[in-house]
Structures are given as structure tokens and as C-alpha cells.
Participant: 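Sharing a structure below in C-alpha cells format, with a few things to ask.
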Amino acid sequence: MFDVIIHNASLRFGNHCVFEDLNLTLKGGQWTCLLGGSGVGKTSLLRLIAGLPAGETTGKVACQDGLSVNHRIAWMAQQDLLLPWFSVLENITLGQRLRRNLVDMLTRRPVLSAEVQDQAMSILEKVGLTEKAHTLPQNLSGGQRQRVALARTLMENRPLVLMDEPFGALDAITRLNLQDLACELLQNRTVLLITHDPLEALRLGHEVYHLQGQPARLTDAITPPGKTPRSLANNDLMSLQGKLLDRLRHESFDERAEGQ
Ligand SMILES: Nc1ncnc2c1ncn2[C@@H]1O[C@H](COP(=O)(O)OP(=O)(O)OP(=O)(O)O)[C@@H](O)[C@H]1O
Ligand SMILES: [Mg+2]
């Protein structure tokens, strides 16, 4: 598995410099988690890595194996982005169908090859949604919809997964369950997870960074001890969570004070 190296990345919107000369290595096969206040530049960094930058950007994103990141990225966002007129199965195979242009000319419904269908059903089984394969998104709970989004990410089968607050809208228990599931199913992928939740970052991250300031800078990495997903009973985790929460709270307090 290859490292992804972000070298001297800068982003500005007119006079507003979001970040400058930012360097970050996503270690191959590991989860890197990124925390930071609202508007600090987390999503912008993700977009820059994915080759979808807005604004003026400089810098380089390279894979350690010398190949480009193009076609090696899957994206999972806070909104599940499911298409309401497609069933669960049709939604998670959307990428395959778009790329192969598989549509029944008569009914205009998507056509799935037996191979893609088998693969999709096996992934739905892993996320516990076999029964919902033919259900429309509107008939699913928020947690089920996010499991569909995770299944769609897995269907893409890319080595690099960029996740922008994927569990942000879920209740605490559903969130913990989905963290465990994502951790299990995305093992050995290179993952960059953005979250506002220090506990989530500490449970899942091999390295946890904090993006702060303007222009934003990355703090040194925290490397929580133990295997992921880390248990809530882990005392080290709880003490690190306290420290991170303090840091994030002071940061938002400082920002408010500056704005006054
Ligand atoms: N298209 C744009 N035009 C101008 N400014 C933008 C644009 N997109 C983002 N910005 C600005 O860039 C900064 C970083 O935005 P970004 O979306 O990366 O923040 P974020 O850290 O992801 O915040 P949040 O936690 O709220 O999602 C913000 O100040 C935002 O206003
Ligand atoms: Mg964002």
C-alpha cells in the first residue's frame, strides 16, 4: 500500500489565504484523522487531494509509487448523496453503471451484470442491508442510509478513501456502530477522515492531526496507542479526548474573541 504525499499545498480565495505550504503524508493502509474548527479548510484540503479544488491552489499531491491519485479515490460525505428514485442496489452500483452506461433501452431502468449484482449483494450483506436491496432511500433511517453510502464507497473499491464527516449527522450509538463497521470494512485502505468529534478521531485514527489558524497549519500528529477501533474503556483515549476537546474549545473561543 502506498503513501499519499501532499507537498506544499496552498489555497486562497482572493485575499483570503486558507492554508499555505501545508505538508501532510497519508500513510499507506492507515487512517489519518483531521480535526479542526468550522471554516478552517478541512473540506478544501480534501477537495484539493481529490483534484477538485475551488480557488487558487498550488502544491503537489503524489503517490509514493509514482502513479497519480486519479481514479484511485472514493469519497464519502456527511450527506449520503443517494439518488431518491433509485433503490439501494441501484444506488450502490451507480458508479459501475455510469462507467459502463448500462441502461435497458426499453424501460430506461439500469441493467446490472450478474457479476456486479453478486458483488453488490455481498457488500450489502457486510453492511447488514441485504433485506433492503430493493428499498428506496426515503424508506430508510439515517443510519441505514449512511450504511448504503458506505456500501457504495466499498463498491468503488479504491485504495484511497476520503471521508468528510461521514457520521456527523448520526446519533451517538449508531455512530459508534458505523465507526466499527467502517473500520472493519476499510481495513488496509488509506483513509483520510475529517471529523469534528475528537473521540471518533481517537478511536479510528492511526494518526490524528488538528488543523488550526489562518492560514491554517497542522499540529504534530497524535498517535493514539492500541488497535483500532479503540475501546471506549481505554483510559489513554479518554485523557487524550479531554486534551483535544480543550484545544478545540479554546480555538473556537479565540476565534470568537478575534471577531469581536
Ligand atoms: N468557493 C468558495 N469561495 C470562497 N470562499 C470559499 C469557497 N469555498 C470555501 N471557502 C472558504 O474557505 C474556507 C474553508 O472552507 P472549508 O469548507 O474547507 O471549511 P471546513 O473546515 O471544511 O469547515 P466545516 O467544518 O464547517 O465543514 C472558509 O472560510 C470558506 O468560507
Ligand atoms: Mg467541511
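Along the sequence shown, residues carry numbers from 1. Remember, it's 1-based here, ligands and their atoms both numbered in the order they're listed. None of these values were measured; they are calculated from a predicted model.
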Participant: Under the rule for side chain to side chain donor-acceptor pair (under 3.5 Å), what residues qualify as partners of Asp65, not counting sequence neighbours?
Facilitator: Arg72
Participant: Side-chain polar contacts of residues 135-151 - donor-acceptor pairs under 3.5 angstrom, sequence neighbours left out - could you list them?
Facilitator:
unit_1: Thr135; atom_1: OG1; unit_2: Lys132; atom_2: O; d: 3.4
unit_1: Ser141; atom_1: OG; unit_2: Gln144; atom_2: N; d: 3.2
unit_1: Ser141; atom_1: OG; unit_2: Gln144; atom_2: OE1; d: 3.4
unit_1: Gln144; atom_1: OE1; unit_2: Ser141; atom_2: N; d: 2.9
unit_1: Arg145; atom_1: NE; unit_2: Asp80; atom_2: OD2; d: 2.7
unit_1: Arg145; atom_1: NH1; unit_2: Pro137; atom_2: O; d: 3.2
unit_1: Arg145; atom_1: NH2; unit_2: Asp80; atom_2: OD1; d: 3.0
unit_1: Arg145; atom_1: NH2; unit_2: Asp80; atom_2: OD2; d: 3.4
unit_1: Gln146; atom_1: NE2; unit_2: Ala77; atom_2: O; d: 3.2
unit_1: Gln146; atom_1: NE2; unit_2: Pro166; atom_2: O; d: 2.4
unit_1: Arg147; atom_1: NH1; unit_2: Val127; atom_2: O; d: 2.9

Participant: To the nearest 0.5 angstrom, please state how far the CE atom of Met1 sits from the CZ atom of Arg189.
Facilitator: 7.5 Å
Participant: Flag this pair as yes if the NZ/CZ of Arg217 is under 6.0 angstrom from the six-membered ring centre of Tyr209 and inside a 45 degree cone about the axis; otherwise no.
Facilitator: no
Participant: Looking only at the side chains, is there a donor atom on one of Thr174 and Asp171 sitting less than 3.5 Å from an acceptor on the other?
Facilitator: yes
Participant: Say whether Gly37 and ligand 1 are in contact under the criterion: heavy-atom distance to a ligand atom below 4.0 Å.
Facilitator: yes
Participant: So, at under 2.8 Å, which protein N, O or S atoms would a careful student list around the Mg ion (ligand 2)?
Facilitator: Thr43 OG1
Participant: State the atoms of ligand 1, each with its element, that fall below the 4.0 Å cut-off from a heavy-atom position in Val18.
Facilitator: 12 (O)
Participant: For atom 5 (N) of ligand 1, is the nearest protein heavy atom closer than 4.0 Å?
Facilitator: yes
Participant: Tell me: protein heavy atom nearest atom 14 (C) of ligand 1, and distance?
Facilitator: Gly39 O, 3.3 Å
Participant: Look at atom 12 (O) of ligand 1 and say which protein heavy atom is nearest, naming residue and atom and giving the distance to 0.1 Å.
Facilitator: Phe13 CE1, 3.4 Å
Participant: Considering only non-hydrogen protein atoms, determine which one is nearest to atom 26 (O) of ligand 1 and report residue, atom name and distance to 0.1 Å.
Facilitator: Ser38 OG, 2.6 Å
Participant: Should you measure from each heavy atom of Ser44, which atoms of ligand 1 turn up under 4.0 Å away?
Facilitator: 14 (C), 15 (O), 16 (P), 18 (O)
Participant: Who's the nearest protein heavy-atom neighbour of atom 31 (O) of ligand 1, and how far?
Facilitator: His16 CE1, 4.9 Å
Participant: Do me a favour and list the nearest non-hydrogen protein atom to atom 17 (O) of ligand 1 with residue, atom name and distance?
Facilitator: Thr43 CB, 3.8 Å
Participant: Report all side-chain donor-acceptor pairs from residues 17-27 shorter than 3.5 Å, counting only partners two or more places apart or in another chain.
Facilitator:
unit_1: Asn23; atom_1: OD1; unit_2: His7; atom_2: ND1; d: 3.4
unit_1: Asn23; atom_1: OD1; unit_2: Asn8; atom_2: N; d: 2.7
unit_1: Asn23; atom_1: ND2; unit_2: Asn8; atom_2: OD1; d: 3.4
unit_1: Lys27; atom_1: NZ; unit_2: Glu207; atom_2: OE2; d: 2.8

Participant: Salt bridge or not between Arg175 and Asp197? Use side-chain N to carboxylate O under 4.0 Å.
Facilitator: yes
Participant: So does Thr57 get a backbone contact from the side chain of Ser10, meaning a donor-acceptor N/O pair under 3.5 Å?
Facilitator: no
Participant: Can you list the atoms of ligand 1 that are under 4.0 Å from a heavy atom of Glu165?
Facilitator: 25 (O), 27 (O)
Participant: Identify whether the distance between the nearest side-chain nitrogen and carboxylate oxygen of Arg203 and Asp180 falls below 4.0 Å.
Facilitator: yes
Participant: Short list, please: which atoms of ligand 1 are under 4.0 Å from a heavy atom of Gly41?
Facilitator: 14 (C), 18 (O), 19 (O), 20 (P), 21 (O)
Participant: Considering Arg12, Arg47, Lys42 one by one, which has a heavy atom nearer to atom 21 (O) of ligand 1 than any of the others?
Facilitator: Lys42
Participant: Numbering the atoms of ligand 1 from 1, which are under 4.0 Å from a heavy atom of His196?
Facilitator: 25 (O)
Participant: Does Lys60 use its side chain to pair, donor to acceptor, with the backbone of Ala9 at less than 3.5 Å?
Facilitator: no
Participant: Within this structure, what is the NZ-CG distance for the pair Lys42 and Leu35, rounded to the nearest 0.5 Å?
Facilitator: 8.5 Å
Participant: To the closest 0.5 Å, what do you measure between CG (Leu170) and CG (Leu176)?
Facilitator: 10.5 Å
